[in-house]
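Note that this is a predicted model, so its numbers are computed, not measured. All ligand and atom numbering here is 1-based and tracks the order in the structure.
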Amino acid sequence: MTLHAQATLDAQTIQAAVDAAHRDNVALQGGANASYIPYLASVDSSLFGVAVVTAEGEVYSAGDADFEFAIESISKVFTMARAMADVGPVEFHQKIGADPTGLPFNSVMALELHNDKPLSPLVNAGAMSSASLVKAADTEQRWQRILETQRAFAGREVQLSPEVNTSEQTTNFHNRAIAWLLYSGGAMYSDPMEACDVYTRQCSTLISVKDLATMGATIASGGVNPVTGERVVDAELVPHMLAEMTMEGLYTSSGDWAYTVGLPGKSGVGGGVLSVAPGKLAIAAFSPPLDPVGNSVRGMAAVGQVAQRLDLSLYKVPGAGDPPLSALLKRA
Ligand code: GLU
């Protein structure tokens with residue numbers, strides 16, 4: 001446990017934290033690329049990038065910060081924002097929920113246990129249910145509205161990767177089964193195969209860690225993209241988004257993440273990890289090897305290190321130190 005004074009968030013301090021998080025974790029071993037999606041298994045495991053974007057739009061990075069990787073589960077955050085804005089936070093909460101399932105992200109048992117309510121928009125069931133809540137006349141409009149939302153958060157023309165999408169669409173049988181279960185349980189609000197198709201596409205866009213940190217900084221700044229100046233989501237929705245991220249953002253390690261890092265976050269099986277310090281900044285990292293839960297090993301270490309070095313935990317009180325990040329290590 002280390003005790004240190006509140007860090008001042010000047011440019012030099014932030015860049016030093018980003019550089020150190022890259023340098024200290026670049027040789028970190030452990031984990032394996034996701035293999036159930038063939039494309040993800042083929043990505044170079046040694047890639048590693050770290051970025052911070054502040055609520056004022058300043059960008060800091062180290063390592064492979066421009067490499068574009070599959071957004072995967074992190075897309076759930078932005079579809080959540082779209083659906084929450086479309087139906088309102090009360091209806092969204094009532095239909096999807098805001099609790100962790102305590103089970104893996106693609107669990108069928110979670111639906112069985114909770115009377116077919118997804119509980120969280122950040123597991124596959126809740127994400128497909130959220131996609132089905134987006135107001136749209138047809139599949140293409142549903143997809144375009146979700147893609148435009150990702151683009152607005154990133155401040156860039158994020159694109160679908162046909163290669164990732166084909167890899168996922170031809171192997172997503174488990175998600176199709178979940179979509180039909182949701183439909184039979186009354187928790188699917190469009191054609192279930194349309195929701196699964198659009199959800200699979202939203203997971204197949206390519207972003208860099210700089211994009212990811214910008215998307216997070218848009219949340220940190222209360223819904224205005226600090227780089228483009230565009231309002232992307234109502235400030236009123238941001239606390240709900242952050243609460244959902246706290247509860248289920250890092251799969252079944254979400255509680256461990258809150259315990260050690262103390263910030264809302266979201267990870268994806270593409271190797272991306274994001275955390276948001278409300279009002280201040282967002283930290284993103286990318287590295288493909290995942291722990292058994294599905295979180296990037298180097299990604300968690302790097303984001304956690306930056307958060308602790310910049311003293312960003314939401315739960316910290318004067319005089320308290322930071323717990324060791326080794327508490328996050330999960331072994332098979
Ligand atoms: N497209 C992936 C799936 O549905 C995303 C999973 C994830 O990143 O957690 O399995």
Item to check | Phe67 ring center within less than 6.0 Å of Phe286 ring center | outcome: yes
Do [X] and [Y] have side-chain N/O donor and acceptor atoms under 3.5 Å apart?
X	Y	value
Ser73	Lys266	yes
Glu248	Ser120	no
Thr205	Gln150	yes

Checklist entry - Near ligand 1, which protein residues have a heavy atom under 4.0 Å away? => result Tyr36, Ile37, Glu72, Ser73, Lys76, Phe105, Asn124, Glu168, Asn175, Tyr199, Cys203, Tyr251, Gly268, Val269
Item to check | Thr200 and Cys196, any side-chain heavy atoms less than 4.5 Å apart | outcome: yes
Item to check | Check: Gly249 main-chain N/O paired with Ser254 side-chain donor or acceptor under 3.5 Å | outcome: yes
